[in-house]
Number of protein chains: 2
Amino acid sequence: MLETVTPMKTSEARDILTETVRKGDAEKRGRKASKEVRQLQLIEATIDSLAKRGYAETTMADVADGAGLSRGIVNFHFESKEKLLIATLQHMYDEYSAHWRASLQKAGDDPARQLQQLVWADFDRSICNKRKLAAWLAFWGEAKSRPTYQALSSSRDAYYQQVFIDLCTTLKESGSYTYDPPVMALSLSAMLEGLWLRLMMGTEDTTRETALQAANAFLAAAFPKHYG
Amino acid sequence: MLETVTPMKTSEARDILTETVRKGDAEKRGRKASKEVRQLQLIEATIDSLAKRGYAETTMADVADGAGLSRGIVNFHFESKEKLLIATLQHMYDEYSAHWRASLQKAGDDPARQLQQLVWADFDRSICNKRKLAAWLAFWGEAKSRPTYQALSSSRDAYYQQVFIDLCTTLKESGSYTYDPPVMALSLSAMLEGLWLRLMMGTEDTTRETALQAANAFLAAAFPKHYG
DNA sequence: TCATACTGAATGAATGTTCAACAAATGATG
DNA sequence: CATCATTTGTTGAACATTCATTCAGTATGA
């Protein structure tokens, strides 16, 4: 319910837009791009700035420079800095959301495979890279004191959590485990977020590969009948 | 090595100071407090501000007001805003560090009990409360883009991680488990941080009690011979 | 030629820092 | 003890800077 699912914003359409933004640095200046491309370009520049400078140091000027455009451009397209940041957060939220749903779809009907896919999805390059993790962390740091961010900041929302609970419930039956599904689901999703946090901090001792190993170790420990 | 262990800053001494800061709101104005009390008072006000307003919105004026002192006071005691924030982070880091070390001490020689104590320590009221979690998160959000913060921001440092690895190694032998200790230690500590993150975000569906339950569920799953 | 996209200088508000003046403690002196 | 001098802590107004926002003007495509 928090997603912006306008007709022109399906994931395929977005991919095309993103591509346009990325490749066409030549055609950036002087009224060449459509409104939507421009906005996406500014959002990407915002993510860059958040990743490089952090939330507190991200300025309108830096975003405009990053996009190779003039100073007043952001207010023209987004009205205010706050609205730009909200649009950026929404963009990342939608992307994350679409990504895990697609992964779940791909997994077929086997719940064990579904859970495995969800875990893998979290550490996929397209989602889990230095740039985006840094931007997420920047938002998280401000979310608690900004009501507007709160709903979008979790990235993993209530529905996501419910999917985990349902999977834990199903696996419990087929594997005769004794855990309490909501508790195990919390434990599992918390670990995934914790691994993200390690990657975000970028202390180099944790890589995407070791994080995935740790996640698999957890699955093997919690669901030995399925992943042992 | 990152701790500031000056003679006057043992944890007992700090407790006394903290107490002084907290109770004596009457004797705040007009040159009554010692240098150390004043500094601690400003650090506490900084934590308050970070928790209430977030990193980006924390101003010198707000800190001074929160402490009930004048505008110029912070620069007198800490020279600059940045140094105040670093001192605040250092203070929280030292407190966290002292806390888990003390917990480990109390646990005696049984490794299973030691691990259990470490987990409990993380969710102790004195460490794990809305105010301090919010302040931690505020720092985390800025840490990646500020080298000065990085070493102090993890709160759980390399030594802490090593303790976990050692405990996992010991328990593996006594329980004939098959996991790889460093991987399991990462998985475990990531889950603890992830639970903190949930509490930080304050979505109300995760409380200190449910977080502790989830942590215990993990222990039971990973070390069934010891916590089953 | 008309609407739309865009520019960049001007503006004003917010905020970190400085500093001269002041007050309280401490120490020196008789 | 009393007085004065010096150090130390504190204040708040002034200052400089940074930055979001505005807007009159320009360029572009339809």
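Model, not experiment: these values are computed from the prediction. Each chain gets a letter, A, B and so on, in the order its sequence line appears, and its residues count up from 1.
The existence of a salt bridge linking A:R53 and B:E142 is excluded, since no basic side-chain nitrogen approaches an acidic carboxylate oxygen closer than 4.0 Å. Electrostatic pairing of A:D124 and A:R208 does not count as a salt bridge here, judged by no charged N lying under 4.0 Å from a carboxylate O. Using a 4.0 Å cut-off between charged nitrogen and carboxylate oxygen, A:R71 and A:D65 count as a salt-bridge pair. Between A:E57 and B:R146 there is a salt bridge, since at least one side-chain N of the basic residue sits less than 4.0 Å from a carboxylate O of the acidic one.
We find that CD of B:E57 is positioned 13 Å from C1' of D:dA20, with the value rounded to whole Å. Atom CD1 in A:I73 sits roughly 16 Å away from atom P in C:dT4 (whole-Å rounding). Remark: P of D:dG12 and CE of B:M60 are 16 Å apart, rounded to the nearest angstrom. With rounding to whole Å, A:L42 atom CG is found 15 Å from D:dA20 atom C1'. When rounded to the nearest whole Å, the span between CG of A:N75 and C1' of C:dA5 equals 14 Å. Atoms CZ (A:R53) and P (D:dT18) sit 12 Å apart, rounded to a whole Å. Following rounding to the nearest Å, B:R71 (CZ) and D:dA13 (C1') show an atom-to-atom distance of 11 Å.
For DNA chain D, the residues of residues 77-86 of chain A within the heavy-atom distance limit of 4.0 Å (strictly under) are A:S80, A:K81, sorted by number.
Cation-pi geometry between A:R156 and A:W196 is met: the NZ or CZ atom falls under 6.0 Å from the ring centre, inside 45° of the normal.
Here CG of A:L186 is found 5.5 Å from CG of B:L195. Values are rounded to the nearest 0.5 Å.
Taking only side-chain atoms of B:T59, from C-beta outward, the nucleotide of C:dT7, D:dT10, C:dT15 with the closest atom is C:dT15. Of all nucleotides listed (D:dA20, C:dT7, D:dG9), D:dG9 comes nearest to the side chain of B:K35.
When each of A:G72 and B:G72 is assigned the nucleotide of DNA chain D bearing its nearest heavy atom, the one mapping closer to the 5' terminus is B:G72.
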